[in-house]
Protein chains: 2
Amino acid sequence: MNDKRRRLEDVAQASVQRAGLKSLSFRTLADEIGIKSSSVHYHFPEKSDLASALIQRYQEDFREQLDAISARRWNVKRKLAAFIAIFEQVADGERVCLCGMMAAECESLSPDNRRLLSGFFDDMESWIADLLCVNADSINAPVSTRQLAKVIVSGLEGALLLDRVAGSKANLKAQKDLILSLLK
Amino acid sequence: MNDKRRRLEDVAQASVQRAGLKSLSFRTLADEIGIKSSSVHYHFPEKSDLASALIQRYQEDFREQLDAISARRWNVKRKLAAFIAIFEQVADGERVCLCGMMAAECESLSPDNRRLLSGFFDDMESWIADLLCVNADSINAPVSTRQLAKVIVSGLEGALLLDRVAGSKANLKAQKDLILSLLK
DNA sequence: GTCTATATACAGATAGAC
DNA sequence: GTCTATCTGTATATAGAC
């Protein structure tokens, strides 16, 4: 069934967002589903195959959320707030971004998966840059929209990681406040 | 000898800054020094002892660099640029911050080490906040100095992690440009 | 302080039966 | 698709000789 595959991805994603890809084993993943590790290998021959699937579906899910924001008749500031809210939801679940976690583990990723990961951040950055670009006159910062998009993405990813260490949401809130203050 | 212990820490730190604590084994660490893994256990009984030592010495080293900046007769903006230069040096070495890496791995850290890690970021944040506080009138942002300090720390940490994925330094540069633009 | 040797556990992955 | 069984490699950690 394709349902099993999706359940495996669900559990694996939650695990990676909590403890990272290195900490996820086919054995514990199988245990949580109620099958054997060899059966997991049927769905994902190698661990890198599972990683690829996780990155791609995370990106697709993220893209859907961005499209939903784009479809709204909101001003730039409100759209950006909705974008930040995606990260706040992740923080509420005591998780970090799947790709932010994998970024820390990128040394042990296959070249293919590193490219997928890079594409995820490029996509997010482009979406923000496009959003900022159409209303460039309402930006209170002396940097390019592309640069500001980079600051926002890396800032939010860093905030998620650091907030977990202290068990707070102060970094994410600080990022949110500053980012929104840069827009009129 | 105490020299061996320091050599072990040097190699271990480089390894963690490249691939993370999980990827570091006593065996490979021992191999690089030219001893056996059981000898590494003599210096650091458990892996968590090694982790503690790494965090503490990294924090002390960082603190020295901050003190050196504090001692200069520079304006706030130049001191902040010097602070950011510490991160640029890390990026130049194709590394990430030791504590930024461990922040991603915090789920598998002992409570003690999580506290040490939290203290590292608090320290850095306080240093920036103090720096900004004395010249609060030269800040172009409508957020508190404490919040701005959080934005700077999490932003730079996130930039180091994301830049490694694409193999660039664009995120760090964007963070630098924006941060410095917030000061008159 | 470092060694050999070993205990124990777990990792990714595969073969072949059902 | 899932299982049992197994191969192979590696991990942390310890005991005890030198």
Side-chain angles (χ1 to χ4, degrees), chain A residues 1-55 57 98 101-102 104-114 116, chain B residues 1-55 101-102 104-114 116:
Chain A
M1 348 167 180
N2 218 345
D3 172 61
K4 266 281 168 59
R5 188 186 161 100
R6 215 193 59 242
R7 278 180 60 207
L8 281 166
E9 288 172 350
D10 286 341
V11 173
Q13 179 180 326
S15 178
V16 172
Q17 287 190 263
R18 194 178 44 81
L21 187 65
K22 267 243 156 62
S23 295
L24 173 66
S25 79
F26 275 39
R27 272 165 162 62
T28 59
L29 176 55
D31 286 347
E32 287 197 70
I33 302 288
I35 58 176
K36 294 295 173 181
S37 70
S38 54
S39 301
V40 179
H41 279 284
Y42 168 80
H43 297 280
F44 306 98
E46 298 183 22
K47 200 175 183 182
S48 60
D49 297 314
L50 173 58
S52 300
L54 291 181
I55 298 171
R57 87 174 202 147
L98 178 103
M101 180 64 87
M102 285 197 183
E105 300 178 292
C106 93
E107 184 75 21
S108 60
L109 293 180
S110 69
D112 275 357
N113 282 333
R114 213 179 292 201
L116 285 177
Chain B
M1 345 163 180
N2 219 346
D3 171 61
K4 266 280 168 61
R5 188 185 161 98
R6 216 193 59 241
R7 278 179 61 204
L8 281 166
E9 289 173 348
D10 286 342
V11 173
Q13 178 180 328
S15 177
V16 172
Q17 287 190 264
R18 193 177 45 80
L21 186 65
K22 267 242 156 64
S23 295
L24 173 66
S25 80
F26 275 37
R27 272 170 165 54
T28 58
L29 176 56
D31 285 348
E32 287 197 68
I33 301 289
I35 58 176
K36 293 295 171 181
S37 70
S38 54
S39 301
V40 179
H41 280 283
Y42 168 81
H43 296 281
F44 306 97
E46 298 182 21
K47 199 175 182 180
S48 60
D49 298 313
L50 174 58
S52 300
L54 290 181
I55 298 171
M101 180 64 87
M102 285 196 182
E105 299 178 293
C106 93
E107 184 75 22
S108 61
L109 292 180
S110 71
D112 275 358
N113 281 333
R114 215 178 292 201
L116 285 177

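Throughout, a chain's letter reflects where its sequence line sits, starting with A, and its residues are numbered from 1.
What separates NZ of K36(B) from C1' of dT4(C) is a distance of 9 Å, to the nearest Å. Rounded to an integer number of Å, the gap from CG of D31(B) to C1' of dC3(C) is 14 Å. The CZ atom of R7(A) sits 14 Å away from the C1' atom of dT2(D) (whole-angstrom rounding).
Checking the phosphate oxygens (OP1, OP2) of dC3(C), a side-chain nitrogen or oxygen of S39(B) falls inside 4.0 Å. For Y42(A) and dT2(D), the shortest distance from a side-chain N or O to OP1 or OP2 is not below 4.0 Å.
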Show every donor-acceptor pair shorter than 3.5 Å between a side-chain atom in residues 27-39 of chain B and any protein atom, with sequence neighbours excluded, or say none if there are none.
from   : atom 1 : to     : atom 2 : distance (Å)
T28(B) : OG1    : S25(B) : O      : 3.1
T28(B) : OG1    : S25(B) : OG     : 3.1

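Residues in residues 40-52 of chain B take part in no salt bridge (charged side-chain N to carboxylate O under 4.0 Å, His left out) pair, two or more places apart or across chains.
Between R57(A) and R6(A), some side-chain heavy-atom pair lies under the 4.5 Å cut-off.
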List, with names and distances, any nitrogen or oxygen atoms from the protein found under 3.5 Å away from nitrogen or oxygen atoms belonging to nucleotides 9-13 of chain D.
from    : atom 1 : to     : atom 2 : distance (Å)
dA11(D) : OP1    : S25(B) : OG     : 3.2
dT12(D) : OP1    : L24(B) : O      : 3.2
dT12(D) : OP1    : K47(B) : NZ     : 3.0
dT12(D) : OP2    : F26(B) : N      : 3.0
dT12(D) : O4     : R27(B) : NH1    : 3.4
dA13(D) : OP2    : K47(B) : N      : 2.9
dA13(D) : N7     : H41(B) : NE2    : 3.3

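Closest approach to the K4(A) side chain among dT2(D), dT4(C), dG1(C) is made by dT2(D) (side chain taken as heavy atoms from C-beta onward).
Here F44(A) pairs with nothing under the ring pair (Phe, Tyr, Trp, His ring centres under 6.0 Å) rule; sequence neighbours left out. With sequence neighbours left out, H41(A) forms a ring pair (Phe, Tyr, Trp, His ring centres under 6.0 Å) with F26(A).
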Show the numbers, then the answer: is there a side-chain contact (heavy atoms from CB on, under 4.5 Å) between S108(B) and K22(B)? CA-CA 9 Å; S108(B) 61; K22(B) 267 242 156 64; 3.2 Å; yes
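For the helix from dG1(C)-dC18(D) to dC18(C)-dG1(D), the angle separating the two terminal helix axes comes to 0°, with each axis derived from five pairs and the value rounded to 10°.
Q17(B) and M101(B) get closest at one heavy-atom pair: O-CE, 4.1 Å. When all heavy atoms of A12(A) and L54(A) are compared, the pair lying nearest together is CB-CD1, 4.0 Å.
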